[in-house]
Amino acid sequence: MRTEQTPVVLVHGWKSHPGIWNHLTPQLERASIPYWNFDHTSMGDTPPAAIALALQEFIRTMRDENAYPGPVDVVCHSVGTCIARYLLEVLDGRKREEQVRHLIGIGPPNNGSALAELFNDPVYGPQILDQLAGVFVPRRYDPADDVIAQEVRPGSRTMAALRSAGVRQDVAYRFILSANLTATPDLFPCFDGKTWERSADGEWQMTYAGDGIVPHTDSYLPGAGIEILPAEPAALRCNPDHYGHIRLPRNAEVVDRVMAHLMGSP
């Protein structure tokens, strides 16, 4: 494959699928940017470390098939960012064999998921799971049986490995978040437009600084560029749910910002 554009690796999140990129991929095609859409839906309740290994093999295969040895960009949603980071920072952290220019994460739980932790809280957990049943988790969902949900808790082995490895200086980290700037309940109706987070003193609280699932405190990472959307609060008057976590990869403003980064715009 000969191209002047850097190929993009797309990594979907937990209980998601490659189809979430169906608003981004037409833009990539119009810009003649090759993309490699990684599908880990068949891996079920596999630990993020194992999915990261599969991602590594996928990238190697795509390089071979396209005769492309150069750098790639990686665009991820949610837990997909943790999977990509595990590959880059833990599996490849010392070797630096993976050439990655940008890592762009949409709504990433970089510090572990407060909501995954809340699932397991004996006081709040049952009520939270009932509110999310059929919307974000399956009905009759038991988080104790979900390997990925357990491994994205802040105190898990996966998150400890990421913290220990640290970010790579040869990769530009860019994270795109959303915030409920107008306090509209329709951004994420299950929680009246708010997002659960854990405060510095360990107490649970709700905030508008999040996308309904991932609070900003879960996403911040030293040295990473952060963008909080919408740029204009008025955008939340029309389809505010497009700024909720589940729909962020298909959000037009998010897609525009991803494309701007891939094309080298500020």
Side-chain angles (χ1 to χ4, degrees), residues 1 3-13 16 18-38 59 62 68 70-85 88 98-110 167-182 187 209-214 216 218-266:
M1 175 180 66
T3 177
E4 295 181 358
Q5 300 284 11
T6 303
V8 177
V9 180
L10 304 174
V11 186
H12 66 81
S16 186
I20 62 164
W21 305 115
N22 64 355
H23 287 206
L24 175 61
T25 53
Q27 297 287 348
L28 295 172
E29 291 168 0
R30 277 192 281 273
S32 298
I33 299 176
Y35 60 89
W36 305 337
N37 203 345
F38 177 58
I59 294 173
M62 296 305 295
Y68 178 77
V72 299
D73 291 327
V74 184
V75 178
C76 319
H77 179 224
S78 192
V79 173
T81 309
C82 299
I83 292 167
R85 286 185 55 215
L88 296 177
E98 301 295 336
Q99 299 179 60
V100 172
R101 189 178 67 149
H102 293 141
L103 174 65
I104 302 173
I106 302 168
N110 287 314
V167 299
R168 285 175 53 158
Q169 300 305 311
D170 60 328
V171 176
Y173 293 76
R174 304 179 186 277
F175 301 129
I176 300 173
L177 319 179
S178 71
N180 195 347
L181 304 176
T182 56
L187 184 138
D211 58 24
I213 297 297
V214 178
H216 294 176
D218 282 5
S219 299
Y220 293 137
L221 201 62
I226 296 286
E227 289 182 82
I228 298 175
L229 303 179
E232 296 294 335
L236 289 166
R237 294 176 187 164
C238 212
N239 300 318
D241 61 310
H242 288 196
Y243 289 90
H245 185 80
I246 298 169
R247 301 195 66 169
L248 278 180
R250 293 183 168 116
N251 177 294
E253 188 176 7
V254 171
V255 169
D256 285 347
R257 293 311 304 149
V258 170
M259 291 299 299
H261 289 309
L262 296 177
M263 299 292 287
S265 301

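We number each residue from 1, following the sequence as shown. The figures that follow rest on heavy atoms only: side chains count, while hydrogens, waters and symmetry mates do not.
In terms of heavy-atom proximity, Pro7 sits nearest to Trp36 at CB-CZ2, 3.9 Å. Considering every non-hydrogen atom in both Ala84 and Leu103, the closest pair reads CB-CD1, 3.9 Å. Between Met259 and Ala31, the shortest heavy-atom contact is CE-CB, 3.9 Å. Pro233 and Thr182 make their closest contact through O-CG2, 3.7 Å (heavy atoms, listed as atom of the first residue, atom of the second, distance). Residues Pro222 and Val167 come closest through the heavy atom pair O-CG2, 4.1 Å. Contact between Leu181 and Pro230 at its shortest, heavy atoms only, is CD1-O, 3.4 Å.
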Checklist entry - Should Val100 and Asp73 be marked as a side-chain contact (heavy atoms from CB on, under 4.5 Å) after you check the CA-CA gap, both sets of side-chain angles, and the distance that decides it? => result CA-CA 6 Å; Val100 172; Asp73 291 327; 5.7 Å; no
Checklist entry - Does the side-chain contact (heavy atoms from CB on, under 4.5 Å) test come out yes or no for Ile104 and Val74, once each step is laid out? => result CA-CA 6 Å; Ile104 302 173; Val74 184; over 6 Å; no
Checklist entry - Between Ile176 and Val258, is a side-chain contact (heavy atoms from CB on, under 4.5 Å) present by the stated rule, with each step listed? => result CA-CA 8 Å; Ile176 300 173; Val258 170; 3.7 Å; yes
Item to check | Intermediate values then yes/no, side-chain contact (heavy atoms from CB on, under 4.5 Å), Asn180 and Tyr243 | outcome: CA-CA 8 Å; Asn180 195 347; Tyr243 289 90; over 6 Å; no
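No side-chain heavy atom of Leu262 sits less than 4.5 Å from a side-chain heavy atom of Thr6. Using a 4.5 Å cut-off on side-chain heavy atoms (C-beta onward), His261 and Val75 make no contact. In this structure the side chain of Gln5 reaches within 4.5 angstrom of the side chain of Pro34, judged on heavy atoms. Side-chain contact between Asn110 and Asp218 is absent, with no heavy atoms from C-beta onward closer than 4.5 Å. With contacts defined as side-chain heavy-atom distances shorter than 4.5 Å, the pair Trp21/His12 qualifies. Counting heavy atoms from C-beta outward, Leu248 and Asp211 have side chains that approach closer than 4.5 Å. Counting heavy atoms from C-beta outward, Leu229 and Val254 have side chains that approach closer than 4.5 Å. Two residues are said to be in side-chain contact when any heavy atoms from C-beta on lie closer than 4.5 Å; Tyr173 and Leu221 meet this criterion.
Side chain to side chain, His77 and Ser16 fail the donor-acceptor criterion of an N or O pair below 3.5 Å.
Atom CZ of Arg174 sits about 13.5 Å away from atom CD1 of Ile106, to the nearest 0.5 Å. Taking CZ of Arg250 as the start and CG of Asn22 as the end, the distance is 4.5 Å to the nearest 0.5 Å. The distance from atom CD of Glu29 to atom CG of Leu24, rounded to the nearest 0.5 Å, is 10.0 Å. Taken to the nearest 0.5 Å, the CZ atom of Phe38 stands 7.0 Å off from the CD1 atom of Ile83. Here CG of Leu10 is found 8.0 Å from OH of Tyr35. Values are rounded to the nearest 0.5 Å. For the atom pair OG (Ser178) and NE2 (His242), the distance works out to 12.5 Å, reported to the nearest 0.5 Å.
The main-chain N or O of Ala231 is found under 3.5 Å from a side-chain atom of Glu253 such that the two form a donor-acceptor pair.
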